[in-house]
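For ligands, and for the atoms within them, numbers begin at 1 and follow the listed sequence.
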Amino acid sequence: MKDLHKFIDFIKHDYPNEIRIIDEEVEADYELTAIATESEKEKNQMLLFTNVKGSPLPIVTNVFGTRKRIALAIGSTVDEFYSIWDKRTQRLIKPKIVEGGPVKEKQMTGKEVDLNKLPIFKHFEQDAGKYVTAGVVVAKDPETGIRNLSYHRLQLVGKNKFRSSLHSRGHLWRIYSKAEKLNQPLDVAIFIGAHPSILLAAAAKVGMGVDEFEVAGAVMQEPVQLVKCETVDLEAPAFSEIVIEGEIPPFIRENEGPLGEYTGYAAGRSTNNIINVRAITFRKDAIYQDIVPGNSSEHLLLGNVSKEAHVIRRMRETLPNLKNINWPKSGTHFSAYLSLSEPIDEGQANHAALLLLGLDSYLKLVVVVDEDIDIYNEQEVLWAIATRMQPDRDVNVIKNVFCNRLDPSAYDEGTSAKIIIDATKKKGWTFEKLTVPKNFREKATRIIKKQK
Ligand code: MN
């Protein structure tokens, strides 16, 4: 069975440049975030800390920092990631309930439960406290019994208590609201640390009523093995590192947050729920996983890649000349650059941008460029805007549209305006991009590379 331990071993052996093992003693609070932030500017490696002050557990972070590692997690390459993800997720694979697993090796129940034994730490100065950032919450819809997986920030507030935001537009919130109407607590199982395919599937934007464990099975091409929990009627991955069992009581609210969010700002928006913890089970060699919060590449990519696959498939159904789409890190989840292949029909840039804005409600800015522009190079995108765009002709603003509420500039109603910039060459365009003959380009590359 695939798990986090095996993935780390695979990276260590086959892609040693993708991981950095830090044996030097480090502090969990702030220092891990500081190291991850500096590391992102360099090789952006996955980081395994083996000597965290006060923690018997090693901590891994930035597993999802690059598209390369995300592709490796599903046994793919960056170029083939979308088509492989898309093909596999057409046929979901149900999880399998098994009799036991490594996550049952150790337990704390009842009075022994102490979340302080886990190396839960503080990331940013603006955060309200110590947070679990890689916790996946498993819950069952009280009406349909269908499982749901979703990420929720978990603020440590006591040895057996978290505060959390259930995200008021997400599936868990809808499930919790049904339980609350019945005046019942909602049982949850939270797993920390699992094979990255499971974590990617947990972030997938699938419909309400789809069990994300089935998506994980499809992506891994084998059923996820689950074990029954000790104190709640739920199942969690047998090969996960840590499982925390508990309940979200109805009608209790306590101030939660703020926490550094993907926007690059701290967000105080929260449903202000609490989670009472009843049991913790874990492997004897458990690794504590963290996701670098804020606008780190890891947080942004983990949130976006499965959505990108979904959006690109639908865009291609309508736009055969769609070349590619990039959601750049600079835009957090709010900007996208889209390229179209020639010939581009009159009005097609706007059509493509409107489709994209329709499929991804987080987006606020879409720039459309020709295929000769590398959308992964922001200098080139800005050059296309500078030289192929006239603001009075090529900019469209659409007012009063549903948006993501974490956008600090959004209107109180949860709406924002959307902007389309058409930076493609227009009808009658005769200018040519400056070039030198191909053989000289190749020779030049050789000379320059040799100099290094
Ligand atoms: Mn869901």
Inset, instruction - State whether Asn148 contributes an N/O/S atom found under 2.8 Å from the Mn ion (ligand 1). - result: yes

Inset, instruction - May I ask you to check whether Tyr30 and Phe121 place their ring centers less than 6.0 Å from one another? - result: no

Legend entry - Centroid-centroid distance, Tyr82 to Trp85, less than 6.0 Å: no

Legend entry - Among the N, O or S atoms of His171, the one nearest the Mn ion (ligand 1): ND1

Legend entry - Glu222: which of Lys96, Lys94, Lys2, Arg88 passes salt bridge (Lys or Arg N to Asp or Glu O under 4.0 Å): Lys2

Inset, instruction - Could you pull out the atom name of the N/O/S atom in Glu212 that is nearest the Mn ion (ligand 1)? - result: OE2

Legend entry - Residue among Thr133, Ile192, Val132 satisfying side-chain contact (heavy atoms from CB on, under 4.5 Å) with Asp290: Thr133

